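The block underneath contains the structure these notes are about, expressed in structure tokens.
Model, not experiment: these values are computed from the prediction.
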Amino acid sequence: MRSKNQTAVIEFVFTGFPHMQEGGLLFFILLLLIYLFIIIGNLMVFFAIKLDSRLHTPMYFFISVLSFLEIWYTTSTIPKMLSNLVNEQKTISLAGCLLQMYFFHSLGITEVCLLTTMAMDRYLAICNPLHYAAIMTPQLYTQLTLGCFFFGFFTPLPEIAWISTLPFCGPNQIQNIFCDFDPILNLACTDTGSIVLIKVVDVVHAVEIIMAVMLVALAYVHIIAVILRIRSADGRRKAFSTCASHLAIFLIFFGSVALMYLRFSAKYSFFWDTAISLMFAVLSPFFNPIIYSLRNKEIKEAIKKYMSIYYIHTSY
């Protein structure tokens, strides 16, 4: 319980950022370049798919949605990180912190659902090709995508709403580079460790991640089994190439998720906590345009086509 002489906290201070004289400017330039690459790269993939009618298929539709998500996923954290790297006051308001947590986790959960849906799409395309077009209709893949967004944006709401009711009376230093559940709960002026709701929410999040991993793993076991039965080497290569990019993004994203949220009782040093948080926030969005533009011939050709058209128009 707060005593009467305790003051309610209205803003938090991040402690994970170096000051300008400690190399903050160098980190700012590096992170800014990474952020610009994420935005431009994912926008290129998104518009290439939207503009090229040859790419209007379920697989590319999901890839375009993934690129859209990656842009907003990083925008929920990186601009504030950049601001904190160059400002002396590395603060965020309580309301701003809650909003950052909500959008970061909403978009992250939506991405978990979307990557799982993409695995199911590849499973249907490779394991049930004769019925794929009849099953994966535009109406179905649009509904699946909307379902991912609904689930992603609804799931964190109860936890965020509950955290907003907690008393915060100091200290107000966040041991992280962005607002997240555990660092904020550690600052509450109440014993959150004994609250059953937190344990239930932690279990729910763990089950969500584990179920998604199991579904994707099961889908790829069947996919690989079918691919290995294809007689021609060229056929096997083409079948696997349609899955390789998604599998790479899945492993990168869920690898960072596992390090971040499936540690259970394991404790990391402040350095490794910060490094894992940064990896979780930028790794998958950074590699998404690289993997899909370099490994996917159709997207690469579409990007080259529309870049050349843009260059011709701007040169006149």
Side-chain angles (χ1 to χ4, degrees), residues 13-50 63-92 96-97 99-101 103-105 107-108 110-111 115 174 176-180 245-246 248-257 259-260 270-296 299-300 302-308 310-311 314:
V13 179
F14 292 102
T15 61
F17 294 97
H19 293 279
M20 293 291 286
Q21 63 271 23
E22 297 170 350
L25 182 60
L26 179 62
F27 282 109
F28 172 84
I29 294 170
L30 180 60
L31 187 58
L32 178 62
L33 291 174
I34 291 172
Y35 182 56
L36 290 174
F37 177 82
I38 289 170
I39 299 299
I40 295 169
N42 281 291
L43 278 175
M44 287 171 66
V45 172
F46 178 81
F47 281 113
I49 293 170
K50 291 300 178 187
I63 292 172
S64 69
V65 175
L66 179 64
S67 295
F68 175 82
L69 277 174
E70 300 286 33
I71 292 168
W72 294 107
Y73 177 70
T74 51
T75 300
S76 66
T77 56
I78 293 183
K80 186 60 181 177
M81 292 184 199
L82 291 170
S83 173
N84 287 330
L85 282 167
V86 294
N87 286 331
E88 196 64 34
Q89 298 295 324
K90 306 176 190 304
T91 60
I92 187 170
C97 196
L99 284 172
Q100 187 181 70
M101 281 194 295
F103 284 107
F104 182 72
H105 284 276
L107 292 162
T110 303
E111 188 166 337
L115 287 169
I174 300 176
N176 208 328
I177 55 176
F178 58 85
C179 291
D180 206 357
S245 298
H246 169 261
I249 291 294
F250 171 82
L251 291 173
I252 292 169
F253 182 76
F254 277 86
S256 59
V257 167
L259 284 172
M260 191 78 175
F270 179 69
F271 171 81
W272 284 112
D273 260 336
T274 304
I276 291 168
S277 297
L278 190 61
M279 180 177 68
F280 180 56
V282 305
L283 200 62
S284 173
F286 178 80
F287 281 107
N288 183 53
I290 296 175
I291 290 172
Y292 280 117
S293 62
L294 293 182
R295 290 193 55 86
N296 192 293
I299 292 180
K300 188 160 54 174
I303 290 173
K304 287 180 179 178
K305 172 186 173 183
Y306 290 105
M307 284 187 70
S308 63
Y310 175 78
Y311 175 76
T314 53

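For K80 (side chain) and C179 (main-chain N/O), no donor-acceptor pair under 3.5 Å exists by modelled atom type. In this structure, T15 contributes its side chain and I174 its backbone to a donor-acceptor pair below 3.5 Å. Between the N42 side chain and the P285 main chain, a donor and an acceptor come within less than 3.5 Å of each other. Checked by atom type and distance alone, the side chain of K90 never pairs as donor or acceptor with a backbone atom of F14 at under 3.5 Å.
Looking at E70 and S284, their side chains come closer than 4.5 Å, going by heavy atoms from C-beta outward. The shortest side-chain heavy-atom distance between I63 and F46 does not fall under the 4.5 Å cut-off. Contact of the M44 side chain with the I299 side chain is not registered, since no non-hydrogen atoms from C-beta on lie closer than 4.5 Å. Within the 4.5 Å cutoff, the side chain of Y35 has heavy atoms near those of the P79 side chain. Using a 4.5 Å heavy-atom threshold, the side chains of S67 and N288 count as touching. Here the side chains of L66 and Y292 are in contact, with some heavy-atom distance below 4.5 Å.
If you take CD1 on I38 and CG on L283, they are separated by 9.0 Å, rounding to the nearest 0.5 Å. How far OG1 of T75 is from CZ of F104: 12.0 Å, rounded to the nearest 0.5 Å. How far CH2 of W72 is from CD of E111: 15.0 Å, rounded to the nearest 0.5 Å. Between the CD1 atom of I92 and the CE atom of M101 there is a distance of 9.0 Å, given to the nearest 0.5 Å. Residue L278 holds its CG atom at 8.5 Å from CZ of F178, rounded to the nearest 0.5 Å. Interatomic distance, S76 OG to I71 CD1, rounded to the nearest 0.5 Å: 12.5 Å.
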Exercise. List the steps and the verdict of side chain to side chain contact (heavy atoms under 4.5 Å, CB included) for F103 and T77.
Key: CA-CA 9 Å; F103 284 107; T77 56; over 6 Å; no
Exercise. Kindly indicate, with the supporting measurements, whether the criterion side chain to side chain contact (heavy atoms under 4.5 Å, CB included) is fulfilled by V13 and Q89.
Key: CA-CA 8 Å; V13 179; Q89 298 295 324; over 6 Å; no
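Aromatic ring pairs are classed by plane angle as parallel below 30°, tilted from 30° to 60° and perpendicular above 60°; the pair F37 and F286 is tilted.
Annotation for L115 and H246: closest pair O-NE2, 2.8 Å, computed over non-hydrogen atoms. Smallest separation of non-hydrogen atoms from V86 and F28: CG1-CD1, 3.5 Å. Taking each heavy atom of T74 and A281 in turn, the nearest pair found is CG2-O, 3.6 Å.
Under the ring-ring contact (aromatic ring centres under 6.0 Å, His included) criterion, F287 pairs with no residue, sequence neighbours left out.
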